[in-house]
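Atom set for the values below is all heavy atoms of this structure, side chains included, hydrogens, waters and symmetry mates excluded. Ligands are counted one by one from 1 in listed order, and the atoms in each one are counted from 1 as well.
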Amino acid sequence: MNDTPPPDLHIVVLAAGKGTRMKTRRPKLLHPLAGLPVIEHVLRTARALDPTSITLVVGYQAAELQASLAGEADLRFALQEPQLGTGHAVLQAEQVLGEARGTLLLLSGDVPLVRAASLRRLVDHHRETRAAATLMTAIMPRPYGYGRILRKDGVITRIVEERDATPEQRKVTEINSGLWAFALDGLFDALRALGTDNDQREYYLTDLVQVHRKAGSAVETVLLEDPTEIRGINSQNELAEVAAIVRRARNDELQAAGVTLVDPDSAYIDVDVEVGPDTVVHPNVYLEGHTRVGSGCEIHSGARIVNSEIGDGVLVRNHCVIEDARVADGARVGPFAHLRPGSDVGADAHVGNFVELKKTVLGAGSKANHLAYLGDATIGEGVNVGAGTITCNYDGTHKHPTVIEDGAFIGSDTQLIAPVTVGRGAYVAAGSSITEDVPAGALAIARGRQVNKDGWAERKK
Ligand code: UD1
Ligand code: CA
């Protein structure tokens, strides 16, 4: 009977390097990539492997990186200070892994496209062959910049970095992906045997191949089928290219599930966004964060929807900004509407052009069709908010609530000076400045009375 538990899998993510070519203050691994920081893509893949532990080797801008990952309790950190190369970086994991046994899977924080299935293949091969180290390689038609795999009689003998390679070696198209599996047993001792005899005077992890070969330990390789997976992010250019790959993959999934993307290349949909079938997304739409869009919706160009919940059959016309808001089934929004955080638009409600909502509930079937600011308001069902209505919710120090009950009618150009309540079914005359509550069913008129002076114009001449 063989019921031994699966061997331990310790994942180490290298994240200490400087990322000089980004030319930004923001750490390279914290740049957003289709809605998630670069490093989060790697961590998601790592977690998909159900590892025993995940350790990040941090160094350059370690404090920023650790602060941004502080909420993720499953992560451990090893500090590499100073950063003396990839071999030195892996050795720092000893601080955390100590006497751990099993397999160490090495990932790079700036290589976010690698798939869990490819990593499983690497780990499986490594365990089956009982190698000391197993390296993922790939064939790159243009291998510039990568470490080249040198073989003798088919067996890997050495990895030579671009800058250390001869012109002949540079012609080799099989490259080191930087993804490795190691037997933890003896790994750190082998790393301590690395030297710095290279152009950068660094401890190269790649030299482990020779260390193991000298010791008579097996080094295996696994060839990655799709080299796209190991695309790294070193520059703004690569960040944009990799982001386009991530977006395209998510867009493909959405299309396969019945979402119409009129122009997939300009549908900027973050990885965690959900969109229901029969929804049409026009060009240049941004769906960001944890946004969920229902089915049968139409989202027109220029809309940006962030962390919001959009129901079924919703029409979002051009150039709306919707953030931390909810829009219920059948509602219509825009063009040029701004739903700020805490906005809650009810079923079949209408929010028209140049209407701004903030922390405001607009009840089912209610309409605010033109030029309004509704802040800190609770508006019932079937309410008509006239053009130019403003809730004066701020007295310079405090915010105050406005309540408009079901079926009320607010005439155009009304100011509702909060705190104030307009009762059920009440009317407010156009141009009113409402400072006192309006009882249900009443008509409130609060404006200067009109005076007509007959013949005034003729007399003025
Ligand atoms: C490395 C490999 C190269 C391979 C390439 C794949 C070595 C010596 N070279 O080269 O064979 O083709 O990756 O992308 O291993 N890092 C640290 N601490 C350090 C140095 C690097 O944490 O002291 C991290 C970096 O943040 C990065 C990773 O290690 O995540 C790789 O470092 P990088 O400088 O990009 O290595 P390459 O020169 O590209
Ligand atoms: Ca380097």
Asker: Rounded to the nearest 0.5 Å, how far apart are CG of Asn353 and CG of Asn318?
Answerer: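 Rounded to the nearest 0.5 Å, the CG-CG separation comes to 11.5 Å.
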
Asker: For ligand 1, is any non-hydrogen atom under 4.0 Å from Glu161's backbone (N, CA, C, O), its side chain (CB onward), both, or neither?
Answerer: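 The part of Glu161 near ligand 1 is the side chain, not the backbone.
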
Asker: Atom CG in Leu150, atom OG1 in Thr166: separation rounded to 0.5 Å?
Answerer: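 Taking CG in Leu150 and OG1 in Thr166, the distance rounds to 8.0 Å.
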
Asker: Taking only heavy atoms of Gly147, which atoms of ligand 1 are found under 4.0 Å from at least one of them?
Answerer: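 In order of number, 3 (C), 4 (C), 11 (O), 12 (O).
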
Asker: May I ask you to list the atoms of ligand 1 that are less than 4.0 angstrom from any heavy atom of Leu84?
Answerer: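 Matching atoms, with element in brackets: 23 (O).
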
Asker: What distance do Arg326 atom CZ and Glu309 atom CD have between them, rounded to the nearest 0.5 Å?
Answerer: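 CD of Glu309 is found 6.5 Å from CZ of Arg326.
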
Asker: Check if Ile175 has a non-hydrogen atom at a distance under 4.0 Å from any atom of ligand 1.
Answerer: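 Outside the 4.0 Å threshold, so no.
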
Asker: With a 4.0 Å cut-off on heavy atoms, is Gly59 touching ligand 1?
Answerer: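 Not so, Gly59 does not reach ligand 1.
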
Asker: Kindly identify the option in Ser177, Gly87, Ala78 whose heavy atom sits closest to atom 14 (O) of ligand 1.
Answerer: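 Checking each option, the heavy atom nearest atom 14 (O) of ligand 1 is found in Ser177.
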
Asker: Is there a salt bridge (Lys or Arg N to Asp or Glu O under 4.0 Å) between Glu162 and Arg170? Walk through the geometry before answering.
Answerer: CA-CA 7 Å; Glu162 175 84 33; Arg170 286 189 186 139; 3.5 Å; yes

Asker: Which atoms of ligand 1 are found less than 4.0 Å from any heavy atom of Gly17?
Answerer: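 Going through ligand 1 atom by atom, the ones under 4.0 Å from Gly17 are 16 (N), 17 (C), 22 (O), 25 (C), 26 (O).
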
Asker: Can you find a side-chain donor-acceptor pair between Lys28 and Asn234 that sits under 3.5 Å?
Answerer: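 The criterion, which ignores hydrogens and geometry beyond distance, is satisfied for Asn234 and Lys28.
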
Asker: Report the part of Glu202 in contact with ligand 1, treating N, CA, C, O as backbone and CB onward as side chain, heavy atoms under 4.0 Å; options are side chain, backbone, both, neither.
Answerer: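 No part of Glu202 is near ligand 1 at this cut-off.
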
Asker: Please compare Leu194, Thr86, Ile149 and report which has the shortest non-hydrogen distance to atom 36 (O) of ligand 1.
Answerer: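 Minimum heavy-atom distance to atom 36 (O) of ligand 1 goes to Thr86.
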
Asker: Given that the side chain starts at C-beta and the backbone is N, CA, C, O, which of these parts of Ala89 lies under 4.0 Å from ligand 1, counting heavy atoms, or is it both or neither?
Answerer: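 Looking at Ala89 and ligand 1, just side chain atoms fall under 4.0 Å.
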
Asker: From Leu65 CG over to Leu56 CG, what is the distance, rounded to the nearest 0.5 angstrom?
Answerer: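 Reported value, rounded in 0.5 Å steps: 6.5 Å.
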
